[in-house]
Amino acid sequence: MNYLIGVDVGTTSTKAVLYDEHAHVIDQFTQGYPLYRDSNGMAEQDPEKMLAAVEQVIHDAGQQIDFAHEKLLAVSFSSANQSLILLDEHFQPQSRVITWADTRARNAADQLKRSPLGKQLYAKTGTPIHPMSPLTKLLWLKDTAPERLAAASYFGDIKSYLFYRFFNSFKVDISIASCTGMMNINSGDWDPTALELTGVKKDQLPEIVNGTTQASGLTNEAVAKMGIPAETPFVYGAFDGALSNLGVGAIQQDTVAITIGTSAGVRVITDHPVIDPQERLFCYAVDNGLWVVGGPLNNGGDVYQWAVEHLVTPSAVQNEQTDPFTLANRVIEGEPAGANGLIFLPFLGGERAPLWDANARGSFFGLNNLHTRADMLRAVMEGICMNIATVYQAVCDLVGQPKSVTATGGFARAEVWRQMLADVLNCPVNIPESFESGCLGAITMAMKSLGMVDSLSAVQGFIGAEKSYQPVPETVTVYQKYLPLFQQVEGLLSPAYSTIAKLQRK
C-alpha cells in the first residue's frame with residue numbers, strides 16, 4: 001500500500017493525518033506547544049518546539065508504514081499564515097515566531113491604514129492593513145526596535161523555516177507569501193513598494209514557489225528525527241484557510257466555506273483576484289490560478305467557551321449530570337431566536353474582518369432586568385453567527401450569492417449551532433462527515449503535484465457524506481430584523497474601542 005501524510009501546523013499544535021493513496025484516513029497524530037502571550041498583545045511561539053512537534057508527528061505517522069514493502073508518496077503542508085521569524089546569516093532564529101494573533105503592531109497598522117499608501121498597498125497585495133500581517137510587524141520593529149531589524153539577515157515564516165531545516169532551501173509557497181501584505185497579487189512576486197516601506201530587500205525573503213512545488217533530499221538530521229526515506233517529496237501546500245476550502249470541496253465560486261473553531265473564517269475560491277473597495281476582505285492566492293476571497297474572524301469558539309465558563313454554574317452541570325457545553329447547548333435550544341431582545345457583539349479578542357480593529361471589545365446590547373443567563377448564552381451564540389453573517393454578506397457583495405455554505409470546525413458537532421447558522425445566513429448549510437479539511441486539502445495538492453489527479457476538483461471524490469441544514473423561514477424572519485441592528489450597534493461603538501482598549505492596558 002502507498003501512503004500520504006498531511007501536516008497542519010497550527011497556532012497551539014501540529015497535526016499529521018496518515019492517508020492511503022485513495023485519501024482514506026488511516027490514523028492521526030498531534031503534538032502541542034505553548035503560545036506565549038502578554039497583556040500588551042504579544043502572541044509568540046518557540047520555533048524549535050514547533051520544529052520538534054512537526055518532526056514528531058511525521059515520525060509517528062511514518063511508524064505505521066512498512067518501508068520495506070510500502071511507500072510514502074509525499075508529505076504535504078498546511079500551516080497558519082502571517083507568522084514572522086527573524087533569522088541570522090545562517091538561518092538561525094533571532095526571534096520567536098511572531099504569530100498572526102500578535103497585535104503589538106497596532107500603532108504601525110493604524111498609521112498605515114490612515115495614509116493613502118495603506119489603501120494602495122491593500123489594492124496591490126489584497127491583504128487588509130492590520131497588526132496580523134508581517135508587513136505591519138516589520139514596520140512595528142522598524143519603529144520600536146530598529147537594531148533588531150538591522151541585525152537580521154533573513155525574514156521568514158514558520159513554513160519557510162521548517163523547509164529550510166529539512167532541505168537547506170529558503171522558499172515559501174505563493175499562498176503563504178500572498179498573506180504577508182508584501183506580495184503583489186498581479187505579479188506573484190514581492191512588491192517593490194512594500195519592500196521600500198519596510199526597508200527589507202528582496203533577497204532577504206524566501207523565493208516564492210507554487211503550492212504544488214516539491215522539495216526533496218531531506219538532510220541527514222531530518223531523516224534521523226522523522227524516520228522516513230530521504231527521497232520522500234515534501235509538497236509546500238498552502239495556508240490553512242485556503243486548504244480548508246479545498247478540503248471540503250468548496251472550490252467553486254458558488255460555494256462558501258465557513259470554519260468556526262477557536263476563531264472563524266468565511267472564504268470563497270475564485271479564478272481571478274477580487275479586491276474589496278471597502279477593504280473588508282482579503283484576497284489571497286491558493287495556488288497559481290486560484291484565489292481565495294474572504295475574511296478571518298478572531299472570535300469564534302473561544303468566545304462561546306468564555307460564555308459557558310462564566311454563565312453555566314457547576315451546580316447546574318452536576319444536577320443535570322452532563323458537561324457544561326452540552327448543558328449550554330440544551331439551554332440555548334430552549335430559548336427563542338433573538339434571545340428575548342438581547343444582542344451580543346463578540347469582539348473579546350479585537351477583530352479582524354469586518355472591522356480590522358485590534359481594539360474592538362465585546363458588549364451586550366439591550367440588557368434589562370428580565371434577561372437571564374439563558375438569554376445571555378443564546379445571545380452569545382447568535383452574536384458569533386451574526387458577526388460571521390456580516391462577513392458572509394460582504395463576500396456575497398463581491399462574488400455573488402452562493403448556492404450553499406459548507407461549514408466545519410468544532411462548532412459543527414453541535415446541532416443547535418448548525419441550524420442557527422443556516423437561519424442567520426438564510427442559506428443551506430452542509431456539514432461534511434470529515435472535519436480534517438486542512439490536511440485533506442494538503443494531500444490533494446500533493447496528489448496533483450505527483451500527477452495522481454488532474455485537478456484539485458478531484459477532492460470532491462474524497463469528502464464523503466454531508467448533512468444538510470435548511471433555513472427555517474419563521475426563524476429567518478426574526479434574524480432579518482436583528483442582523484441590521486447588530487451591524488448598526490457595531491458601527492456606533494467602533495469609535496469608542498480605542499479609548500476603552502487604552503484604559504484596559506493601563
Within this structure, what is the [atom1]-[atom2] distance for the pair [X] and [Y], rounded to the nearest 0.5 Å?
| X | Y | atom1 | atom2 | result |
| --- | --- | --- | --- | --- |
| Leu440 | Met445 | CG | CE | 12.5 Å |
| Asp375 | Leu367 | CG | CG | 9.0 Å |
| Cys283 | His272 | SG | NE2 | 8.5 Å |
| Arg330 | Phe325 | CZ | CZ | 14.5 Å |
| Asp27 | Tyr3 | CG | OH | 11.0 Å |
| Ile158 | Thr11 | CD1 | OG1 | 11.0 Å |

Test item: [X] side-chain N/O and [Y] main-chain N/O as donor-acceptor pair under 3.5 Å:
| X | Y | answer |
| --- | --- | --- |
| Arg378 | Glu335 | yes |
| His371 | Asn340 | yes |
| Ser13 | Gly32 | no |
| Asn40 | Asp38 | no |
| Lys15 | Val7 | no |
| Arg267 | Ala257 | no |
| Gln253 | Thr270 | no |
| Thr255 | Ile251 | no |
| Ser178 | Ala285 | yes |
| Tyr19 | His24 | no |

**OP:** Take Asn387 and Thr390 through the test side-chain hydrogen bond (donor to acceptor under 3.5 Å, both in side chains) and record every step on the way to the result.
**Re:** CA-CA 5 Å; Asn387 195 34; Thr390 301; 4.9 Å; no
Original post:
Side chains of Ser160 and Asp157: do they bring a donor and an acceptor to under 3.5 Å?
Top reply: yes
Original post:
Would Gln31 and Glu55 count as having a side-chain donor-acceptor pair, cut-off 3.5 Å?
Top reply: no
Original post:
Asp60 and Gln56: side-chain contact (heavy atoms from CB on, under 4.5 Å), yes or no, with the steps?
Top reply: CA-CA 6 Å; Asp60 293 346; Gln56 186 63 53; 2.8 Å; yes
Considering all heavy atoms of both residues, which atom of [X] and which atom of [Y] are nearest to each other, and what is their separation?
| X | Y | result |
| --- | --- | --- |
| Cys179 | Pro134 | O-CD, 4.1 Å |
| Ile58 | Ile5 | O-CD1, 4.2 Å |
| Phe462 | His22 | CD2-O, 3.9 Å |
| Ala109 | Ile129 | O-CG2, 3.4 Å |
| Ser449 | Thr212 | OG-O, 2.6 Å |
| Pro428 | Pro471 | N-CD, 3.9 Å |

Original post:
Yes or no on side-chain hydrogen bond (donor to acceptor under 3.5 Å, both in side chains) for Ser133 and Gln82, after CA distance, side-chain angles and deciding distance?
Top reply: CA-CA 5 Å; Ser133 72; Gln82 293 163 330; over 6 Å; no
Original post:
What's the verdict on side-chain hydrogen bond (donor to acceptor under 3.5 Å, both in side chains) for Ser468 and Glu466, showing C-alpha distance, side-chain angles and the deciding distance?
Top reply: CA-CA 6 Å; Ser468 185; Glu466 292 182 326; over 6 Å; no
So, do [X] and [Y] sit near enough that their side-chain heavy atoms are less than 4.5 Å apart?
| X | Y | value |
| --- | --- | --- |
| Ser79 | Asp8 | no |
| Phe344 | Ile384 | no |
| Pro402 | Tyr392 | yes |
| Tyr469 | Asn430 | no |
| Trp356 | Glu351 | no |
| Glu490 | Leu355 | yes |
| Met183 | Thr125 | no |
| Leu51 | Leu162 | yes |

Original post:
Given Lys448 and Asp287, is the salt bridge (charged side-chain N to carboxylate O under 4.0 Å, His left out) satisfied, shown in steps?
Top reply: CA-CA 12 Å; Lys448 186 173 186 294; Asp287 197 18; 5.6 Å; no
Original post:
Considering the options Val391, Asp357, Asn299, Asn298, which one meets the side-chain contact (heavy atoms from CB on, under 4.5 Å) requirement together with Arg352?
Top reply: Asn298
Original post:
Does the pair Gln419 and Glu333 meet the rule for a side-chain hydrogen bond (donor to acceptor under 3.5 Å, both in side chains), with working shown?
Top reply: CA-CA 10 Å; Gln419 187 59 56; Glu333 283 181 305; over 6 Å; no
**OP:** Could you tell me which residues satisfy side-chain hydrogen bond (donor to acceptor under 3.5 Å, both in side chains) with Arg104, sequence neighbours excluded, listed by chain and number?
**Re:** Glu44, Asp102
Original post:
side-chain hydrogen bond (donor to acceptor under 3.5 Å, both in side chains) with Arg373: which residues, sequence neighbours excluded?
Top reply: none
**OP:** Check whether the ring centres of Phe77 and Tyr236 lie less than 6.0 Å apart, and answer yes or no.
**Re:** no
Is it true that, when you exclude [X] itself, more than 12 heavy atoms of the residues, nucleotides or ligands shown sit nearer than 6.0 Å to its [atom1]?
| X | atom1 | answer |
| --- | --- | --- |
| Asp454 | CG | no |
| Phe364 | CZ | yes |
| Gln321 | CD | no |

**OP:** Report yes or no: is the cationic atom of Arg418 (NZ for Lys, CZ for Arg) under 6.0 Å from the centre of the six-membered ring of Phe411, at an angle within 45° of the ring normal?
**Re:** no
Original post:
Any idea how His310 and Trp306 line up, ring-wise: parallel (<30°), tilted (30 to 60°), or perpendicular (>60°)?
Top reply: tilted
**OP:** Step by step, work out the side-chain contact (heavy atoms from CB on, under 4.5 Å) result for Met381 and Val416.
**Re:** CA-CA 9 Å; Met381 187 180 283; Val416 63; 3.9 Å; yes
**OP:** Mind running salt bridge (charged side-chain N to carboxylate O under 4.0 Å, His left out) on Lys403 and Asp254 for me, showing each step along the way?
**Re:** CA-CA 5 Å; Lys403 292 179 180 177; Asp254 62 358; 3.8 Å; yes
Subject >> CA sep, side-chain torsions, deciding dist, call: Tyr284, Ile185, side-chain contact (heavy atoms from CB on, under 4.5 Å) >> reply: CA-CA 8 Å; Tyr284 300 147; Ile185 58 175; over 6 Å; no
Subject >> Worked check of side-chain contact (heavy atoms from CB on, under 4.5 Å) between Thr127 and Thr180 >> reply: CA-CA 7 Å; Thr127 303; Thr180 61; 6.0 Å; no
